[in-house]
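What follows is one structure encoded as C-alpha cells, with my remarks underneath.
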Amino acid sequence: MSSSLFALAALVWLAFSILVGMPPWAIVVLVAAVAGGTWGINRIANRAGSPGRRQAALLASSFAAVVSVFGLIQLVPYGKSHSNPPVLAEPAWATPETRELMVRACFGCHSNEVVYPSYADIAPISWMVASHVSEGRSKVNYSEFDPGRRAFKGTVAAIRSGWMPPGYYTRFGRHPEARLTDAEIATLIEGLRATPGLSRG
Ligand code: HEC
C-alpha cells in the first residue's frame with residue numbers, strides 16, 4: 001500500500017519533471033535519493049519500536065526523506081553560479097525588433113545575457129536552468145556569434161518548425177515573454193532572413 005503510494009508519487013514527479021524540462025540525470029538522482037532515504041530512515045524508525053504502525057512509519061519516513069533530500073541538495077554547488085561571460089560578438093541584426101524578439105524568446109538559453117529568475121537559486125530548479133543554459137550555449141550562443149559555425153544557420157528553421165523555444169520553457173505559464181504570437185514569429189523570421197548567417201540559402 002505505502003510502496004504503491006511511493007511509486008505513484010514517483011510517477012507524478014517523473015511526468016511533471018519531463019514536462020518542465022528537468023534533465024533525466026536529475027530525475028534519477030532525486031528519485032534514488034528519496035527512495036534510499038525512505039528505506040534508511042524507515043529501518044531506523046522500525047528498530048526504535050512501534051510495531052503495528054508500519055504504514056504510518058513508512059509514510060513518515062518517506063516525508064522525512066523528501067524534506068532531507070530537498071535540504072541536502074541545496075548544498076550541491078552545481079547550478080549556483082549564474083554566470084554571464086562577456087558578450088563577444090552578436091549577429092548584425094537586420095532591425096532592432098529582430099534582436100528584441102530574439103532576446104525575449106532565445107536569450108534565456110543561447111546568450112551571455114541570461115536573466116536568471118529568483119527560483120533559479122533553488123535546487124533542483126537551479127540544476128535544470130544550468131543544464132539548459134550550458135547545453136543551449138554550447139549549441140548556439142548569439143553573444144558569441146561565429147559566422148563560420150554551421151549551427152547558426154539553423155536559427156530560422158528551428159523557429160519555423162516550432163522546435164525552439166522548447167515547449168517545456170513556456171509550459172505552465174512560465175516565460176510568457178518567450179511565447180511569441182504568429183505575427184511576431186513572422187516578423188522575427190523575416191528579420192532573421194535579412195540577418196547574415198542565421199538562415200540557410
Ligand atoms: C530553455 C532553453 C532554450 C531556449 C529558450 C531556446 N533554446 Fe534553442 N536549444 C536549447 C537546447 C537545450 C538545445 C539543444 C537541443 C538538442 O540538441 O536536442 C537547443 C538547440 C538549438 C539549435 C540547434 C543548434 C544545432 O545543434 O544545430 C538552434 C538553432 C536553436 N536552439 C535556436 C534557438 C532559437 C532561435 C531560440 C528562440 C526562438 C531558442 N533556441 C530558444 C535550449 C533553448
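Read the numbers this way: they start at 1 and go in the same order the structure lists the ligands and their atoms. Just so it is clear, the values below take in all heavy atoms, side chains as well, and ignore hydrogens, waters and symmetry mates.
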Minimum heavy-atom distance Arg137-His110, with the two atoms named: N-ND1, 4.3 Å
Proximity winner for atom 41 (C) of ligand 1, if only heavy atoms of Gly154, Pro23, Gly21, Ala105 are counted: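 Heavy atom nearest to atom 41 (C) of ligand 1 belongs to Ala105.
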Contact check, side chains of Arg43 and Ser61, non-hydrogen atoms, under 4.5 Å: no
Those atoms of ligand 1 less than 4.0 Å from some heavy atom in Ile159: 35 (C), 38 (C)
Test side chain to side chain contact (heavy atoms under 4.5 Å, CB included) applied to Thr95 - qualifying residues, sequence neighbours left out: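 Per chain and number, Thr95 pairs via side chain to side chain contact (heavy atoms under 4.5 Å, CB included) with Glu97, Thr98.
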Aromatic plane relationship, Phe172 with Phe16 - under 30° parallel, 30 to 60° tilted, over 60° perpendicular: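 Parallel.
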Ring centers of Tyr169, Trp163 separated by less than 6.0 Å: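 Centroid separation for Tyr169 and Trp163: 6.0 Å or greater.
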Shell of protein N/O/S atoms around atom 8 (Fe) of ligand 1, taken as anything under 2.8 Å: His110 NE2, Met164 SD
Co-members of Val156 in a cluster of I, L, V, M, F, W and Y side chains, linked at under 4.5 Å: Trp93, Leu101, Met102, Val103, Phe107, Val140, Tyr142, Phe145, Phe152, Ile159, Leu180, Ile185, Leu188, Ile189, Leu192, Leu198
Going by atom type alone, with no hydrogens or angles, which donor-acceptor pairs under 3.5 Å involve a side-chain atom of residues 120-132 and a protein atom two or more places apart or on another chain?
residue : atom : partner : partner atom : Å
Ser126  : OG   : Ala123  : N            : 3.4
Ser131  : OG   : Met128  : O            : 3.1
His132  : NE2  : Gly21   : O            : 2.7

Cluster check Val66, Met22: I/L/V/M/F/W/Y, side chain < 4.5 angstrom: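 Yes, Val66 connects to Met22 through the hydrophobic network.
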Mode of Tyr142 contact toward ligand 1 - side chain, backbone, both, neither (heavy atoms, under 4.0 Å):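 The answer is the side chain of Tyr142.
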Protein contact to atom 27 (O) of ligand 1 [nearest heavy atom, distance to 0.1 Å]: Ala151 CB, 3.7 Å
Non-hydrogen atom of Phe107 closer than 4.0 Å to ligand 1: no
